[in-house]
Trainee: 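Here it is: the structure, laid out below.
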Amino acid sequence: MSRSDLYARFYEIIQKIPYGRVATYGQIAEMAGFPGYARQVGYALNASPGDLDLPWHRVINARGMISIKSGGPYANVQRLLLEAEGIEFDQKNRLSLKKYRWDPEISRGS
DNA sequence: GCAGTGACTAGTA
DNA sequence: ATACTAGCCACTG
């Protein structure tokens, strides 16, 4: 299993996250068949080329917060993109995983 | 090969 | 609820 295969697997899962929904790093790693690889999911996104049309902004940490180091150019972009999809943040910049977390078992069909 | 690092997490206090 | 710790594992120097 090469690095690019691993990353490609993560991208594959991330592209399935529906509009207006989010998934955690650990969740994506697990769905890709690599439980415990949460950090690598983040790393894969950091290294992802921009031309993949990947909904990277729908990937957040297990606490429902944006994990990009504040001060970076993308931290604020992610929040704006999520809000544009109807996702609301509370006063602590945290969103409700209960409401917005992508559950493929429930969202199947359509 | 070793040591430090990080878009992570689950535990513990 | 918040803060800190210890695992985690690929990447980098």
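In what follows, every chain begins at residue 1, and chains take the letters A, B, ... in the order their sequences are listed.
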Trainee: For the backbone of Ser67(A) and the side chain of Gln78(A), can you confirm whether one donor and one acceptor N or O come within less than 3.5 Å of each other?
Mentor: no

Trainee: Which value, rounded to the nearest 0.5 Å, describes the distance between Leu54(A) atom CG and Leu45(A) atom CG?
Mentor: 6.0 Å

Trainee: Over all strands shown, is Asn61(A) touching base, sugar-phosphate only, or nothing at heavy-atom distances under 4.0 angstrom?
Mentor: sugar-phosphate

Trainee: At under 4.0 Å between heavy atoms, what does Phe10(A) touch on the DNA or RNA strands: base, sugar-phosphate, or nothing?
Mentor: nothing

Trainee: Working to the nearest 0.5 Å, report the span between CD1 of Ile28(A) and NZ of Lys16(A).
Mentor: 12.0 Å

Trainee: Nearest whole Å is fine: how far is dA10(C) C1' from Leu45(A) CG?
Mentor: 14 Å

Trainee: Rounding to a whole Å, what distance do you find between Gln91(A):CD and dT2(C):P?
Mentor: 12 Å

Trainee: Measuring from Ile13(A):CD1 to Phe34(A):CZ, what's the distance to the nearest 0.5 Å?
Mentor: 10.5 Å

Trainee: Does anything in residues 29-44 of chain A come within less than 4.0 Å of DNA chain C? Heavy atoms only, and list the residues if so.
Mentor: Tyr37(A), Arg39(A), Gln40(A), Tyr43(A)

Trainee: Using only atom types and a distance under 3.5 Å, with no angle test, would you say the side chain of Arg101(A) pairs donor to acceptor with the backbone of Ala23(A)?
Mentor: no

Trainee: What about Leu52(A) and Tyr7(A), same hydrophobic cluster or not, with Ile/Leu/Val/Met/Phe/Trp/Tyr joined at side-chain heavy-atom distances under 4.5 Å?
Mentor: yes

Trainee: Under 4.0 Å from any heavy atom of chain A: name the first and the last nucleotide of DNA chain B that qualifies, 5' to 3'.
Mentor: dG6(B) to dT9(B)

Trainee: At less than 4.0 Å, is any side-chain N or O atom of Tyr25(A) found next to OP1 or OP2 of dC8(C)? Yes or no.
Mentor: no

Trainee: Apply the test side-chain contact (heavy atoms from CB on, under 4.5 Å) to residues Ile66(A) and Asn93(A): give CA-CA distance (whole Å), side-chain angles for both, the deciding distance (0.1 Å), then the verdict.
Mentor: CA-CA 8 Å; Ile66(A) 290 171; Asn93(A) 298 320; over 6 Å; no

Trainee: Nearest 0.5 Å, what's the OG1-CG distance between Thr24(A) and Asn61(A)?
Mentor: 8.5 Å

